[in-house]
Undergrad: 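After the structure tokens below, expect a handful of questions from me.
Any value given below was found using the heavy atoms of this structure, including those in side chains, with hydrogens, waters and symmetry copies removed.
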Amino acid sequence: MSNLKIKRIKAVDIELKERLVAINRVTKVTKGGRTFSFSAIVVVGNENGIVGFGLGKARDATAAMSKGTDDAKKNLIRVPVIKGTIPHLQEGRYSGSLVFMKPAAPGTGVIAGGAMRAVLESVGVKDVLAKSKGSSIPHSVVKATINALAQLRDPYTVAQVRGISLDKVFNG
């Protein structure tokens with residue numbers, strides 16, 4: 001995501017559904033003993049092309065989840081979803097995680113594992129074949145999936161960038 005320019009959108013008047021991807025209990029050892037806190041990864045989306053993720057940290061789990069949700073609402077992106085699937089093959093990478101997504105025929109469903117499934121369902125993809133390779137740490141997988149989704153382009157954008165008609169994008 002470092003060299004990728006992502007156009008963020010604001011969460012004004014958008015009905016977002018939140019999904020908890022992972023929650024992790026972390027321990028800090030001090031002179032007075034152990035201090036426990038929680039780290040939560042949350043994905044929000046409207047199931048119609050808008051998705052975002054956030055990380056929240058707090059002393060209790062519910063506060064961590066609400067902080068993660070607030071952070072996710074600040075990091076929303078728009079994803080082209082055409083007929084319930086993604087427009088083309090796409091790979092995404094973050095740290096040690098590599099994700100691969102491929103459009104699927106109607107009725108296939110979301111063929112993806114844990115963290116990827118949460119992101120893809122939040123964005124509104126109904127049919128996709130997806131594979132996660134490398135590191136399976138939920139935080140890295142979510143960021144790699146968001147990276148891949150941010151790189152997707154719909155046929156209209158491709159035609160406009162190339163300066164050709166829409167028919168030539170499909171037949172050309």
Undergrad: Find out whether Pro155 and Ile82 are in side-chain contact, i.e. whether some heavy atom of one side chain is under 4.5 Å from a heavy atom of the other.
TA: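 With C-beta onward as the side chain, the pair touches.
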Undergrad: Taking the six-membered ring of Phe53 as reference, does the cationic atom of Lys143 (NZ for Lys, CZ for Arg) lie under 6.0 Å from its centre and within 45° of its axis?
TA: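 Because its charged atom misses either the 6.0 Å distance or the 45° angle limit, Lys143 does not stack over Phe53.
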Undergrad: Go through it in stages, so that I can follow the logic: the residues are Leu129 and Thr108, the test is side-chain contact (heavy atoms from CB on, under 4.5 Å), and I'd like the CA-CA distance, side-chain angles, deciding distance and then a yes or no.
TA: CA-CA 8 Å; Leu129 299 169; Thr108 304; 4.0 Å; yes
Undergrad: Looking at OG of Ser122 and CG of Leu16, how far apart are the two atoms once the value is rounded to the nearest 0.5 Å?
TA: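 Reported to 0.5 Å precision, the distance equals 9.5 Å.
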Undergrad: Hey, are the side chains of Val142 and Thr145 touching, using non-hydrogen atoms and a 4.5 Å cut-off?
TA: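 No; the side chains remain at least 4.5 Å from each other.
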Undergrad: For the side chain of Asp127 and the backbone of Ala104, is there at least one donor-acceptor N/O pair under 3.5 Å apart?
TA: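 No, because the side chain of Asp127 does not come within donor-acceptor range (under 3.5 Å) of the backbone of Ala104.
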Undergrad: Report the distance from atom CD of Gln151 to atom CD of Gln90, rounding to the nearest 0.5 Å.
TA: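 One finds 4.5 Å between CD of Gln151 and CD of Gln90.
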Undergrad: Pair Ile77, Val123 - check side-chain contact (heavy atoms from CB on, under 4.5 Å), show working.
TA: CA-CA 9 Å; Ile77 61 169; Val123 81; over 6 Å; no
Undergrad: Would you check if there is a donor-acceptor pair between the side chains of Arg59 and Ser37 at a distance under 3.5 Å?
TA: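 Note: Ser37 and Arg59 side chains miss the donor-acceptor criterion.
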Undergrad: Do Asn46 and Glu15 have side chains that approach each other closer than 4.5 Å (heavy atoms only, starting at C-beta)?
TA: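 No - every pair of side-chain heavy atoms lies 4.5 Å or more apart.
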Undergrad: If you round to the nearest 0.5 Å, how far is CG of Leu20 from CD1 of Ile41?
TA: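 The CG atom of Leu20 is 8.5 Å from CD1 of Ile41, to the nearest 0.5 Å.
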Undergrad: Minimum heavy-atom separation for Val119 to Val51, with atom names?
TA: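 Nearest pair, atom of Val119 first, then Val51: O-CG2, 4.0 Å.
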Undergrad: Quick one: does Lys17's side chain have a donor or acceptor within less than 3.5 Å of a partner on Gly45's backbone?
TA: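 No: the side chain of Lys17 does not pair with the backbone of Gly45.
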Undergrad: Could you tell me if the side chain of Thr27 sits less than 4.5 Å from the side chain of Thr35, heavy atoms only?
TA: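 Sidechains of Thr27 and Thr35: no contact.
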Undergrad: Give the C-alpha distance, both sets of side-chain angles, the deciding distance and a yes or no for side-chain contact (heavy atoms from CB on, under 4.5 Å) between Val79 and Val125.
TA: CA-CA 10 Å; Val79 179; Val125 175; 5.8 Å; no
Undergrad: How about Ser165 and Asp167: does a side-chain donor come under 3.5 Å of a side-chain acceptor?
TA: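 No - no donor-acceptor pair under 3.5 Å links their side chains.
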Undergrad: Working note: Leu166 + Tyr156, criterion side-chain contact (heavy atoms from CB on, under 4.5 Å); need CA distance, chi angles, decisive distance, verdict.
TA: CA-CA 7 Å; Leu166 193 60; Tyr156 311 107; 3.3 Å; yes
Undergrad: For the residue pair Val99 and Glu91, establish whether any side-chain heavy-atom pair is separated by less than 4.5 Å.
TA: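 No, too far: nothing below the 4.5 Å cut-off.
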Undergrad: Please tell me if the side chains of Thr157 and Asp154 come closer than 4.5 Å, counting only heavy atoms from C-beta onward.
TA: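 A side-chain contact exists here, since the closest heavy-atom pair is under 4.5 Å.
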Undergrad: To the nearest 0.5 angstrom, please state how far the CD1 atom of Ile146 sits from the CE atom of Met116.
TA: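 Here the rounded value is 10.5 Å.
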Undergrad: Following the transitive rule for hydrophobic clusters with a side-chain heavy-atom cut-off under 4.5 Å over Ile, Leu, Val, Met, Phe, Trp and Tyr, establish whether Ile164 and Val158 coincide in one cluster.
TA: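 Same cluster: Ile164 reaches Val158 through Ile, Leu, Val, Met, Phe, Trp or Tyr contacts under 4.5 Å.
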Undergrad: For residues Arg19 and Glu121, determine if any side-chain heavy atom of one lies less than 4.5 Å from a side-chain heavy atom of the other.
TA: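 In contact.
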Undergrad: NZ of Lys74 to OG1 of Thr69: how many Å apart, nearest 0.5 Å?
TA: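 Those atoms lie 11.5 Å apart.
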Undergrad: Please give me the minimum heavy-atom distance between Leu55 and Ser39, naming the atom from each residue.
TA: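 That closest heavy-atom pairing would be CD1-OG, 3.6 Å.
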Undergrad: Which atom names give the shortest non-hydrogen contact between Phe38 and Ala61, and what distance separates them?
TA: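 Taking every non-hydrogen atom into account, CD1-N, 3.6 Å.
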Undergrad: Relative to Phe36, does Arg25 satisfy both conditions: NZ or CZ under 6.0 angstrom from the six-membered ring centre, and within 45 degrees of the ring's axis?
TA: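 Judged by the rule (NZ or CZ under 6.0 Å from the ring centre, within 45° of its axis), Arg25 counts as positioned above Phe36.
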Undergrad: Is there side-chain contact between Val21 and Val42, with heavy atoms separated by less than 4.5 Å?
TA: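 In short, these two side chains do not touch, never coming nearer than 4.5 Å.
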Undergrad: Surrounding NZ of Lys126 (heavy atoms of other residues, nucleotides or ligands, distance under 6.0 Å), is the total greater than 12?
TA: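 Count over threshold, so yes.
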Undergrad: Rounded to the nearest 0.5 Å, what separation is found between the NE2 atom of His139 and the CG atom of Asn24?
TA: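 Here the rounded value is 11.0 Å.
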Undergrad: Locate the shortest heavy-atom distance separating Val141 from Ser132; write the atom from each residue and the value.
TA: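 Looking at all heavy atoms of both residues, the closest pair is CG2-OG, 3.9 Å.
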Undergrad: Restricting to non-hydrogen atoms, name the atom on Lys73 and the atom on Val44 that form the minimum distance, rounded to 0.1 Å.
TA: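 Scanning both residues completely, I find the closest heavy atoms to be N-CG2, 4.3 Å.
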Undergrad: To check you understand the geometry: which heavy-atom pair defines the closest contact between Ser97 and Ala144, and what is its length?
TA: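 Residues Ser97 and Ala144, closest heavy atoms: O-CB, 4.0 Å.
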